[in-house]
Asks: 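The structure is given below, and queries will be raised subsequently.
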Protein chains: 2
Amino acid sequence: MLVADNATAPTYTIGECARRSGFTMDTLRYYERIGLIDDVRRTATGQRRFTDADLEWLGTLKCLRDTGMPVEQMARFADLVREGDHTIPERIRLLEEHRVAVDERMADLAAKRDYISGKIDYYRSV
Amino acid sequence: MLVADNATAPTYTIGECARRSGFTMDTLRYYERIGLIDDVRRTATGQRRFTDADLEWLGTLKCLRDTGMPVEQMARFADLVREGDHTIPERIRLLEEHRVAVDERMADLAAKRDYISGKIDYYRSV
DNA sequence: CTAGGACTTGGAGTGGACTCCAACGCAAAC
DNA sequence: GTTTGCGTTGGAGTCCACTCCAAGTCCTAG
């Protein structure tokens, strides 16, 4: 459910954030715990309230995770972001390196997909 | 090292088979144990001797594994192969289903690769 | 014949990434 | 104002796919 602090800045409970980000609530708490997400704002009684900025960051994390980046490297990236703009060259390097890994993975998948197709064709011909 | 039983049928020790298949020796033993590989032929003293047919099967397994098929499903496939030719339609179904999964994975990777590229471009523009 | 490397086993341990739990507090709806 | 359900915590547990270990045997090069 959406919870508004004021007229202009929507915030989200962890459940809503889970729904929107595609992570489970447990994963969100886990990510916060290990420093992948900055400490999330809380209500007076301690409940988390995620912002749109949090959700955007989570979108980036999801992209990195789903392309196979290990949590440790995501943590490194999160650290760089926290350290400020002077780390941008390093962030670029990290992302470029990751992109190469993704490209290799895709090429490997494509080749193996073809092998599978060949296998299917063979079975069809039997 | 290659060990020849006779002039026509080369066989391989587990170490050589590991080198050729890309699996570790431990993984080969593990796969045999859980039934992904048929019981491998042995020397009189109990050492494994893999054949070219074993290596070919391992190539298939490697392809399935590297495209993300869970061990359990590979075991199902291995069972079908053992059951004989009447399971070919079922094997085709299994492989086609898997190919769909691989295609989806590739599409997802491609989309996320683009997102990463956009991020890199953004950082370059800052 | 002997050294050193490759192989054997059953079973325990690892690593990564969550995922679940209990016991509790807080919120929203009626 | 009570029920239903969402949220909190620290810590333990799970899952997958290996990976390692110890203690022993086997093989081959010199």
Side-chain angles (χ1 to χ4, degrees), chain A residues 1-5 10-37 39-51 54 58 60-78 98 101 105, chain B residues 1-5 10-37 39-51 54 58 60-78 98 101 105:
Chain A
M1 145 225 334
L2 189 149
V3 178
D5 283 19
T11 65
Y12 313 95
T13 64
I14 194 167
E16 178 64 11
C17 183
R19 212 185 55 67
R20 290 183 183 238
S21 67
F23 291 112
T24 66
M25 294 193 301
D26 272 321
T27 299
L28 290 173
R29 285 188 280 246
Y30 167 64
Y31 279 4
E32 187 183 9
R33 194 150 23 100
I34 66 175
L36 283 191
I37 317 174
D39 289 353
V40 176
R41 274 164 44 201
R42 306 290 187 119
T43 63
T45 56
Q47 292 198 0
R48 289 174 185 80
R49 287 296 180 269
F50 291 81
T51 63
D54 290 328
L58 286 168
T60 300
L61 287 183
K62 188 135 212 309
C63 173
L64 296 178
R65 183 194 72 163
D66 289 354
T67 51
M69 182 180 286
V71 159
E72 198 176 316
Q73 205 176 339
M74 290 198 285
R76 165 106 183 98
F77 186 66
H98 182 58
R105 181 97 190 88
Chain B
M1 151 220 333
L2 188 149
V3 178
D5 282 19
T11 65
Y12 314 95
T13 63
I14 193 168
E16 179 63 14
C17 183
R19 212 186 55 66
R20 289 182 183 238
S21 68
F23 291 113
T24 66
M25 294 193 301
D26 272 321
T27 299
L28 290 174
R29 285 189 279 248
Y30 167 65
Y31 278 5
E32 186 183 10
R33 192 148 26 98
I34 66 175
L36 283 192
I37 317 174
D39 289 352
V40 176
R41 274 164 44 200
R42 306 293 186 118
T43 64
T45 58
Q47 292 198 0
R48 289 173 184 80
R49 288 295 179 270
F50 291 81
T51 64
D54 290 328
L58 285 168
T60 301
L61 287 183
K62 187 135 211 313
C63 172
L64 296 178
R65 183 195 71 165
D66 290 353
T67 50
M69 184 181 284
V71 160
E72 197 177 316
Q73 207 177 336
M74 290 197 287
R76 165 104 183 99
F77 186 66
H98 182 58
R105 180 96 191 88

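Here is how names work: the chains are called A, B, and so on, in the same order as the sequence lines, proteins then strands, and each is numbered from 1. None of these values were measured; they are calculated from a predicted model. Basis for what follows: all heavy atoms, side chains included, without hydrogens, waters or symmetry-related copies.
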Asks: On DNA chain D, check which nucleotide each of B:Pro70 and B:Asp26 is closest to and give me the residue with the more 5' one.
Replies: B:Pro70
Asks: Please confirm whether the backbone N or O of A:Cys63 pairs with a side-chain atom of A:Thr67, one donor and one acceptor, at under 3.5 Å?
Replies: yes
Asks: Keeping B:Glu32 on the side-chain end and B:Val40 on the backbone end, is there a donor-acceptor pair under 3.5 Å?
Replies: yes
Asks: Is there a side-chain contact between B:Pro70 and B:Gln73 in this structure, where contact means two heavy atoms from C-beta onward sitting under 4.5 Å apart?
Replies: yes
Asks: Take the protein atom CZ of A:Phe23 and the nucleotide atom C1' of C:dC20, then report the distance between them rounded to whole Å.
Replies: 19 Å
Asks: Working to the nearest 0.5 angstrom, can you tell me the gap between B:Thr11 OG1 and B:Asp54 CG?
Replies: 10.0 Å
Asks: Looking at D:dC26, C:dC20, C:dC18, which one has an atom nearest to any side-chain atom of B:Gln47?
Replies: D:dC26
Asks: Rounded off to whole Å, could you give me the CZ-to-P distance for the A:Arg49 and D:dC6 pair?
Replies: 13 Å
Asks: A:Arg49 versus A:Tyr12: any side-chain heavy-atom pair under 4.5 Å?
Replies: no
Asks: Determine the contact category for A:Arg65: base if any of its heavy atoms lies under 4.0 Å from a base atom, sugar-phosphate if only primed atoms, P, OP1 or OP2 are that close, otherwise nothing.
Replies: sugar-phosphate
Asks: Roughly how many Å is it from CD1 in B:Ile14 to C1' in C:dG5, rounded to a whole number?
Replies: 15 Å
Asks: The side chain of B:Arg48 is closest to which nucleotide in this list: D:dG7, C:dT8, D:dT9?
Replies: C:dT8
Asks: Using whole Å, report how far OH of B:Tyr30 lies from C1' of D:dC18.
Replies: 6 Å
Asks: Among the nucleotides C:dT19, D:dG7, C:dT8, which one has an atom lying closest to any side-chain atom of A:Thr13?
Replies: D:dG7
Asks: Does any non-hydrogen side-chain atom of A:Met74 lie less than 4.5 Å from one of A:Tyr31?
Replies: yes
Asks: Describe the nucleic acid contact of B:Tyr31 in one word from base, sugar-phosphate, nothing, applying a heavy-atom distance below 4.0 Å.
Replies: sugar-phosphate
Asks: Between B:Met25 (CE) and D:dC20 (C1'), how many Å, whole number?
Replies: 11 Å
Asks: If you fit an axis to the five pairs at each end of the helix from C:dC1-D:dG30 to C:dC30-D:dG1, how big is the angle between those two axes, to 10 degrees?
Replies: 20°
Asks: Given atom CZ of B:Arg41 and atom P of C:dC7, what is their separation to the nearest angstrom?
Replies: 17 Å
Asks: Using whole Å, what does the distance between atom C1' of nucleotide D:dC15 and atom CD of B:Glu72 come to?
Replies: 12 Å
Asks: Name the residue closer to the 5' end of DNA chain C, choosing between A:Thr45 and A:Val71 according to the nucleotide with the nearest heavy atom.
Replies: A:Val71
Asks: Hey, does A:Arg29 reach any base, or is it just sugar-phosphate, or nothing, if we go heavy atoms under 4.0 Å?
Replies: base
Asks: Nearest whole Å is fine: how far is D:dC27 P from B:Glu16 CD?
Replies: 17 Å
Asks: Can you identify which nucleotide, out of D:dC18, D:dT8, D:dG11, has its nearest atom closest to the A:Arg33 side chain?
Replies: D:dG11
Asks: Closest heavy-atom contact between B:Gly35 and B:Ala78?
Replies: O-CB, 3.8 Å
